[in-house]
Amino acid sequence: MAGSEEESRIIREMESLNESKRKIDDEIRVLQARLLQIRQNNHSSKTYGNNLPAHHIYRYSRHLLLPSFGVEGQANLLNSSVLVVGAGGLGSPALLYLAACGLGRLGIVDHDVVELNNLHRQIIHSEAYIGRPKVESAAAACRSINSTTQIVEYKEALRATNALEIMSKYDVILDATDNAPSRYMISDCCVVLGKPLVSGAAVGLEGQLTVYNYNGGPCYRCLFPTPPPTTACQRCSDSGVLGVVPGIIGCLQALEAVKISAKVGDPLSGRMLLLDAMSARIRIVKIRGRSPQCEACGDTSPLTRQQFQKFDYESFTQSPLSTTPLKLKLLPGDARISSTEFNKKIKDAEPYVLVDVRPSHHYKIVSLPRSLNIPLSSLEDRLPEISSALKKEQECRGLESGRGTALYVVCRRGNDSQRAVEYLHKMGFSTAKDIIGGLESWTFDIDPNFPTY
Amino acid sequence: MKLTLEFGGGLELLCDSVKIHNVDVDQKDVEEKLTMKDLLVWVGKNLIKERPEMFMKGDTVRPGVLVLVNDCDWELSGQLDTLLEEKDVVVFISTLHGG
Ligand SMILES: [Zn+2]
């Protein structure tokens, strides 16, 4: 008891200190903005090579010493602006380098808040910002690195309705989002506005990078005129991602953005970089050029602003712009059971068999007691195991209670369990029911200490 | 004809999670050259173990799959009509959206 009192006292104290810290951070932010303005006014009269202000010469001296970059490159950076869409796994490292490099303006768009399970890869955020907008967290980190770059916050989702206005204020756009509709929308908007797009993606142990709509190169639609089926779109929240993999791609995105902004080198246009982290291989491949038939950038009918704003990206790709997990409803109400009802059946010692249809590596993370792991992909082959489990349960506990044995199916969120029950009904297991909302609902409604992932 | 076939971006999950396949594709006729169209049929029959709709649509790959022949987009070499040669490397990669 003493330990838990001590624990809550410490948590309270930390919360109050964090609150004070937030206020101080806000005050610092206001002061920094004023200082930046004063400095810009002061230095405007006194400049050196390529109009660089004096305080930039020492700060960026290692850039200036690069013969292929020099004062010209640095002055180009100072005069340009980059917008990063998404402050997640890709955006985090990209923003850190872009804040450091000496751009004139850096914009950040994200509608999400920082969560604990982001921190293994979204390295711009820290524990103190959990629950707060990612944009606020990322902007604070960028400002603490470099008070001389103007940092602009957009705490909103990028949509066809606001994208033109936001993106038109920037020279280079970084796509660091995590879903298909956003990727089509950002690419189309870049085509309409004539902006180069540095596009990165990472899932699992693989990453991809290219520059679209630059110097006569292709746009995203030139390469992918038809969206993929939704089942082909892996998400980090389902498939997992090794933290450093988006980190590498995000750093490369920053590099391409710096090259384009500074007007140096050969940006990765018309080529694509493919990273396979597991086998430590990077391959750079040649991709097609701009397609004259492209519906966005083609010769026949290039996309107009009006068409862009009216285009429904979510129905085009059959998937939502935000990454809220899918909530299927395949089964009638009487083929489903809530976690609360299921818990009551356990308490009443009713006979049941619980089949957990998650992949086995999920089952190893955490599982309910007395559950049988039969992954959905192998359900077809393992029906006899369910039959024998039902028979055994009926013999052990069914007889003494005088009731029939129930069959319940659970998964992580309650989608695969419905697919499984649909199949089980077809195969003659007519009483099978799925647990609504899966193990997440168990944590939410029954046992808050049951880990989620 | 000996070829190296590689699957990535999640497509390897359709062929027992093996990414690199060194294969020997038999030709009906030595005179007749092997095209990508022939190879896709062969891959569908011999390597794809589950959910074939995640690899093919009609007689070509499904939307969202990039096909590279010797590190070059197959759009540049004639797509389905691309002629394959001994020791070519063909990569099938699903585009990623995550971040
Ligand atoms: Zn295009």
Side-chain angles (χ1 to χ4, degrees), chain A residues 85-86 88-92 121-122 175-183 199-204 206-208 218 220 222-229 231-239 241 246 249-250 253 270-272 274 276 278-279 283-289 291 317 319 323 377, chain B residues 3-22 36 44 48-82 87-99:
Chain A
V85 188
L90 299 163
S92 285
R121 67 185 191 283
Q122 302 183 11
D175 185 344
T177 63
D178 59 1
N179 62 80
S182 293
R183 291 185 181 276
S199 180
V203 174
E206 286 182 71
Q208 298 171 354
Y220 190 68
C222 293
L223 228 60
F224 305 108
T226 313
T231 40
C233 298
Q234 301 182 71
R235 285 190 313 237
C236 296
S237 57
D238 294 329
S239 307
V241 58
I249 300 295
Q253 285 185 274
R271 295 178 292 158
M272 184 179 278
L274 308 169
D276 179 353
M278 215 40 153
S279 55
R283 128 185 277 149
I284 292 166
V285 300
K286 191 175 191 302
I287 53 175
R288 71 201 72 171
S291 159
T317 56
S319 51
T323 50
S377 58
Chain B
L3 299 170
T4 302
L5 309 182
E6 297 194 28
F7 297 81
L11 290 178
E12 71 281 6
L13 299 174
L14 307 177
C15 28
D16 289 335
S17 296
V18 177
K19 284 193 159 167
I20 301 176
H21 300 253
N22 290 303
M36 273 304 300
I48 303 297
K49 301 284 163 63
E50 53 178 290
R51 293 178 288 159
E53 74 283 2
M54 294 297 285
F55 184 64
M56 298 280 289
K57 190 177 180 189
D59 65 349
T60 188
V61 293
R62 68 149 167 85
V65 173
L66 273 182
V67 182
L68 308 159
V69 180
N70 299 326
D71 285 347
C72 202
D73 191 341
W74 74 339
E75 286 284 331
L76 301 168
S77 56
Q79 249 213 25
L80 287 167
D81 298 327
T82 308
K87 289 187 181 156
D88 275 351
V89 178
V90 183
V91 178
F92 301 96
I93 196 143
S94 179
T95 173
L96 302 178
H97 304 99

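Convention: sequence-line order gives letters A, B, ...; per-chain numbering from 1.
Of the two parts of B:Ile20, only the side chain, counted from C-beta on, holds a non-hydrogen atom closer than 4.5 Å to a non-hydrogen atom of chain A. Only the backbone of A:Thr177 comes within contact range of chain B, judged by heavy atoms closer than 4.5 Å. Residue A:Ile249: no heavy atom, backbone or side chain, is found under 4.5 Å from chain B. Using a 4.5 Å cut-off between heavy atoms, B:Lys19 contacts chain A through its side chain alone, with no backbone atom that close. Only the side chain of A:Arg183 comes within less than 4.5 Å of a heavy atom of chain B; its backbone N, CA, C and O stay farther away. With a 4.5 Å cut-off on non-hydrogen atoms, A:Asp276 touches chain B through its side chain but not through its backbone. Contacts between A:Met278 and chain B at a heavy-atom distance below 4.5 Å are absent for every atom of the residue.
Shown here for A:Val203 and B:Leu96, the closest heavy-atom pair between the two residues is N-CD1, 3.9 Å. Of all the heavy atoms in A:Ile287 and B:Asp73, the pair that sits closest is CA-CB, 3.6 Å. What you find for B:Pro63 and A:Pro229 is that their closest heavy atoms are O-CD, 4.0 Å.
When B:Leu66, B:Leu11, B:Val91 are compared by the number of non-hydrogen pairs under 4.5 Å with chain A, B:Leu66 comes out ahead. Interface check for chain B: of the options A:Gly89, A:Ala180, A:Gly91, A:Ser279, the most heavy-atom pairs under 4.5 Å are formed by A:Ala180. In terms of non-hydrogen atom pairs under 4.5 Å with chain B, the most contact-rich of A:Val241, A:Thr226, A:Leu274 is A:Thr226. Per-residue heavy-atom pair counts under 4.5 Å with chain B were compared for A:Glu206, A:Arg288, A:Lys286, and the maximum is reached by A:Arg288.
Considering only heavy atoms from C-beta on, A:Ser319 stays 4.5 Å or farther from B:His97 through its side chain. Side-chain contact between A:Tyr220 and B:Thr95 is present, with at least one heavy-atom pair separated by less than 4.5 Å. Taking the side chain as every heavy atom from C-beta outward, B:Ile93 and A:Gln208 approach each other to under 4.5 Å.
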